[in-house]
Amino acid sequence: MTYDVIVVGAGHAGCEAACAAARMGSKTLLVTMNMQTIGQMSCNPAMGGVAKGQIVREIDALGGFSGIISDTTAIQFRMLNRSKGPAMWSPRVQSDRWRFAETWRLTLEQMENLHFVQSTANEVLTDSHGVTGVVLQNGNRVSGRSVVLTSGTFLNGVMHIGEKQMAGGRSSEGSAKGITECLQAMGFDSGRMKTGTPPRLDGRSLDYRQFEEQKGDEKPGKFSYTPTQPLTKQRSCWIAHTSEHVHDTLRASFDRSPLFNGAIQSSGPRYCPSIEDKINRFADKTSHQMFIEPEGWDTVEVYINGFSTSLPEEVQHDALRKVPGFENARFFRPGYAVEYDYFPPTQLTHSLETKIVPRLFFAGQINGTTGYEEAACQGLMAGINAHLAVNGKEAFTLDRSQAYMGVLIDDLITKGTEEPYRMFTSRAEFRLTLRQDNADRRLTALGRELGLIEDTQWARFEQKMADIDSAESWLAAQSVEPQETNAYLESMDTAILKQRGPLAQLVSRPQLHLEGILENVARDVPVYADEVWEQVEISMKYAGYIEKEMEQVLKLKRLENLRIPSAFSFDTITALSMESRQKLQRIQPETLGQASRISGVSPADIQILMVHLGR
């Protein structure tokens with residue numbers, strides 16, 4: 001059998017890639033080392049968070065499944081940064097680890113066009129026209145018109161616990177051999193990265209009286225724009241703290257840590273460091289936070305977020321039991337670090353297709369990213385584009401003004417990364433318009449064009465857009481009288497009205513919220529969903545700022561629309577600096593906008609390029 005799309009790896013990237021390709025009509029094969037670990041949460045049992053929550057909502061708005069599965073398997077929901085402006089609001093769920101993986105597998109099994117095989121891909125097959133398939137561990141060749149590699153931490157993976165080293169990309173699982181060497185022979189550059197995970201403990205052995213409880217939101221939200229149900233009950237997380245005594249215990253064994261004795265040479269995640277790395281880098285800190293996170297509704301297993309470590313197992317035991325509340329802690333398994341191969345993402349185009357081999361796509365940690373959400377959105381984009389490529393259609397891409405997904409991919413392919421890349425709101429220039437609440441307004445129409453948004457979801461979206469228009473029109477037509485309004489305004493410590501005025505002007509005041517205005521001032525208020533009124537309030541309250549941001553978006557799009565011919569020879573433009581020529585020739589930007597974001601390429605260089613391109 002020849003497949004249209006072969007997806008190698010069934011983590012978060014692979015699941016979304018296979019799901020998208022199959023739903024768009026491609027005959028798809030998902031190759032996984034273990035059918036029992038499809039969609040597994042290898043590290044912490046949670047989805048979303050700062051900027052990551054925005055990505056999950058974008059995946060859902062385009063027709064992906066991470067948001068739906070997160071909602072249906074959540075045990076706690078929190079909207080982070082609610083005290084800040086709406087551009088910073090970020091949804092996060094604590095998940096039931098086992099149900100999350102089970103739900104992903106059952107979802108994939110219901111997909112038409114999607115087949116499975118439990119094996120390891122050891123080789124990528126190509127001819128002069130591009131990729132032609134893969135070779136499995138048993139020697140079988142599987143033909144494919146496109147291939148998406150989502151290998152996670154398994155490419156030549158090595159796990160470290162103190163002085164012990166074991167081949168593998170995840171606890172109790174082996175590593176994947178052959179792919180790296182195969183790609184290197186084709187001309188790809190590769191590197192090594194490191195990540196880690198903390199110990200898992202028996203939650204019954206902890207003294208929760210010594211911890212700070214962290215409950216979910218009183219009114220929990222959700223990720224998906226589909227009618228998934230918000231939580232009606234939730235499990236709490238808990239906060240504990242290390243101490244100088246704990247740090248001294250860990251420091252005493254730094255000479256046995258693979259981070260410090262030379263066993264690990266690769267870069268780890270800057271923003272999620274191991275506990276020994278935190279103690280070493282922030283020597284002035286006498287305490288660090290730890291979060292005790294339940295692994296599910298029914299299990300007693302807990303995840304110790306903030307205590308990632310690769311120190312010897314007995315050191316982990318000794319140090320953790322000195323944390324208040326952990327004196328009698330029982331370990332299910334120790335923390336460990338894992339090193340693995342990745343391929344610098346400057347070797348990709350915006351569609352995540354490799355520049356060297358047509359119709360070969362990379363997604364997830366193979367591109368140097370970290371996090372389920374970053375992997376899932378890459379998988380979605382790679383699966384979409386693998387389908388489009390085999391059908392001779394133009395690639396689907398998102399720019400930096402459309403989505404955090406566009407920011408992430410542009411950062412990767414333009415700037416590359418030498419350490420695990422993590423998304424933050426600060427990486428997005430247009431974060432006021434790239435909010436978690438409006439992902440559907442930005443992306444659902446695009447998902448519909450791709451065939452990933454079904455009729456019922458599209459009808460629901462159209463109704464929501466109509467309701468927003470109606471609510472805005474109603475609000476714009478309302479006026480208020482001073483005698484009916486000033487008592488409320490005084491109670492909210494904001495200026496009173498001296499004459500009749502439009503109700504909409506009150507919404508822009510920072511002291512006031514639309515909900516309070518509608519309850520205390522307005523009359524005959526029409527009934528719309530909370531999400532409709534939320535969109536209306538944000539649009540009116542931040543109208544001036546959004547307008548300025550949109551002006552910047554238009555400037556960006558003018559540069560993005562100026563395309564550079566493929567295989568353009570930058571070396572021949574002697575007016576460019578040597579640094580610019582070298583970097584432009586290596587990265588081969590697709591547009592002037594992308595060229596302008598390459599480190600070392602100056603505005604003067606862009607002007608020179610415009611002249612040479614006849615602009």
Discussion item. Trp533: which residues meet the ring pair (Phe, Tyr, Trp, His ring centres under 6.0 Å) condition with it, sequence neighbours left out?
Written reply: Tyr528

Discussion item. Just to verify, what does Tyr421 make a side-chain hydrogen bond (donor to acceptor under 3.5 Å, both in side chains) with, not counting sequence neighbours?
Written reply: Asp411

Fill in: Those residues that, when tested against Ser308, pass side-chain hydrogen bond (donor to acceptor under 3.5 Å, both in side chains) (two or more places apart)
none

Response to the item:
Residues pairing under side chain to side chain donor-acceptor pair (under 3.5 Å) where one sits in residues 465-476, two or more places apart or in two chains, turn out to be Gln463-Asp467

Worksheet item: Do other residues, nucleotides or ligands put more than 12 heavy atoms under 6.0 Å from Arg523 CZ?
Response: no

Worksheet, complete the sentence: Residues passing the ring pair (Phe, Tyr, Trp, His ring centres under 6.0 Å) test with Trp238, sequence neighbours excluded, are Tyr208

Practice prompt. Name all residues meeting the side-chain hydrogen bond (donor to acceptor under 3.5 Å, both in side chains) criterion together with Gln505; count only those two or more places apart in sequence or in a different chain, and write none if there are none.
Written response: none

Discussion item. Less than 6.0 angstrom separating the ring centers of Phe396 and His387, yes or no?
Written reply: no

Worksheet entry | Pairing residues for Asn486 by the side-chain contact (heavy atoms from CB on, under 4.5 Å) criterion, not counting sequence neighbours | Pro482, Leu489, Ile496, Leu497

Discussion item. For the CG atom of Leu398 and the CG atom of Leu443, what is their distance to the nearest 0.5 Å?
Written reply: 6.0 Å

Worksheet item: By side-chain contact (heavy atoms from CB on, under 4.5 Å), which residues pair with Gln457, not counting sequence neighbours?
Response: Thr226, Ile453, Arg460

Practice prompt. Would you check if Leu613 and Leu562 make a side-chain contact, meaning some heavy-atom pair closer than 4.5 Å?
Written response: no

Worksheet item: With sequence neighbours excluded, what pairs up with Phe65 under the ring pair (Phe, Tyr, Trp, His ring centres under 6.0 Å) test?
Response: none

Ignoring hydrogens and angles, write down the donor-acceptor pairs under 3.5 Å from the side chains of residues 284-292, residues two or more places apart or on other chains.
residue	atom	partner	partner atom	Å
Ser287	OG	Thr242	O	2.8

Response to the item:
By side-chain contact (heavy atoms from CB on, under 4.5 Å), Ala595 pairs with (sequence neighbours left out) Ile564, Leu584, Pro589, Ile606, Leu609

Discussion item. For Asp455, is there an ion pair with Arg448 - N to carboxylate O distance below 4.0 angstrom?
Written reply: yes

Discussion item. Could you work out, with side-chain contact (heavy atoms from CB on, under 4.5 Å) as the rule, every residue matching Ala428, not counting sequence neighbours?
Written reply: Tyr404, Val407, Arg431, Leu434

